[in-house]
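Some notes on the structure that comes next.
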Amino acid sequence: QVQLVESGGGLVQPGGSLRLSCAASGRTFSSYVMAWFRQAPGKEREFVAAIRWSGGSTDYADSVKGRFTISRDNVKNMVYLQMNSLKPEDTAVYYCAARSLPYLSRYSYEYGSWGQGTQVTVSS
């Protein structure tokens, strides 16, 4: 059983930065893909970024490319999402997700484990 716990959300002004963290436990993650999704009020959950635990290849949604960076710490079993140049439209609940296959995916239904989410609000 995979457990994922997000942290690091909060209120930030437009143009500011936040770093989200996801603590992963319960498995050996070497063959996993980890991802961040987000869901704004009244909208569907959408893909943000993904990373292969082994090798570190990444994928980003066009809306965050160049502003967000996903990374992982293999020793600490942590996944991070560094978010820079934040915009009001980045406001959402951000979820960490895990997929037990080593192939990057943008589809939420292909991820079997989810955290509880952390709120990010970008507002002046």
With heavy-atom distances below 4.5 Å as the criterion, would you say the side chains of F68 and L81 are in contact? yes
Here the pair of heavy atoms bringing T58 nearest to I51 is CG2-CG1, 3.8 Å
At what distance, to the nearest 0.5 angstrom, does CG of L11 lie from CD of Q119? 9.5 Å
Looking at every non-hydrogen atom in both residues, tell me the closest pair between S124 and P14 and how far apart they are. N-CD, 3.7 Å
Is the Lys NZ or Arg CZ of R19 less than 6.0 Å from the centre of Y80's six-membered ring, within 45° of the axis? yes
According to a 4.5 Å side-chain heavy-atom criterion applied to Ile, Leu, Val, Met, Phe, Trp and Tyr, with indirect links allowed, do L104 and F47 form part of one hydrophobic cluster? yes
For the backbone of Q116 and the side chain of E6, can you confirm whether one donor and one acceptor N or O come within less than 3.5 Å of each other? yes
If every non-hydrogen atom of V93 is compared with every non-hydrogen atom of G117, which pair is closest and at what distance? CG1-CA, 3.8 Å
Which pair of non-hydrogen atoms, one from P102 and one from V33, has the smallest distance, and what is that distance? C-CG2, 3.7 Å
Please check: side-chain N/O of R52 versus main-chain N/O of S57, any donor-acceptor pairing under 3.5 Å? no
What I want to find out is whether K65 reaches D62 closely enough, with some N-O distance under 4.0 Å, to be called a salt bridge. yes
Quick check: does any side chain N or O of S54 sit under 3.5 Å from a backbone N or O of S31, one acting as donor and the other as acceptor? no
Given side chains that start at C-beta, do those of D90 and M83 come closer than 4.5 Å, heavy atoms only? no
Can you hop from Y95 to Y60 via hydrophobic side chains spaced under 4.5 Å? no
Where do S85 and S17 come nearest, in terms of heavy atoms and distance? N-OG, 4.4 Å
Less than 4.5 Å apart, any side-chain heavy atom of R38 and any of L20? no
Is it the case that the side chain of R106 and the backbone of V48 share a donor-acceptor pair, with hydrogens and angles ignored and the cut-off at 3.5 Å? no
Are any non-hydrogen side-chain atoms of L86 and Q13 less than 4.5 angstrom apart? no
Are any side-chain N or O atoms of Q3 and backbone N or O atoms of Q1, one a donor and one an acceptor, separated by less than 3.5 Å? yes
Validation row: S7, T118 side chains within 4.5 angstrom (heavy atoms): no
Criterion side chain to side chain contact (heavy atoms under 4.5 Å, CB included) on L101 and E110, from CA distance to verdict: CA-CA 9 Å; L101 291 171; E110 293 189 337; over 6 Å; no
OG1/T69 to CG/N84 distance, rounded to the nearest 0.5 angstrom? 6.5 Å
Enter the distance from S63:OG to E46:CD here, rounded to the nearest 0.5 Å. 5.5 Å
Short side-chain to backbone donor-acceptor contact, R72 and W53, under 3.5 Å: yes
Decide whether Y111 and R99 meet the rule of one side-chain donor and one side-chain acceptor closer than 3.5 Å. no
Heavy-atom closest pair, residues C22 and W36: CB-CZ2, 3.7 Å
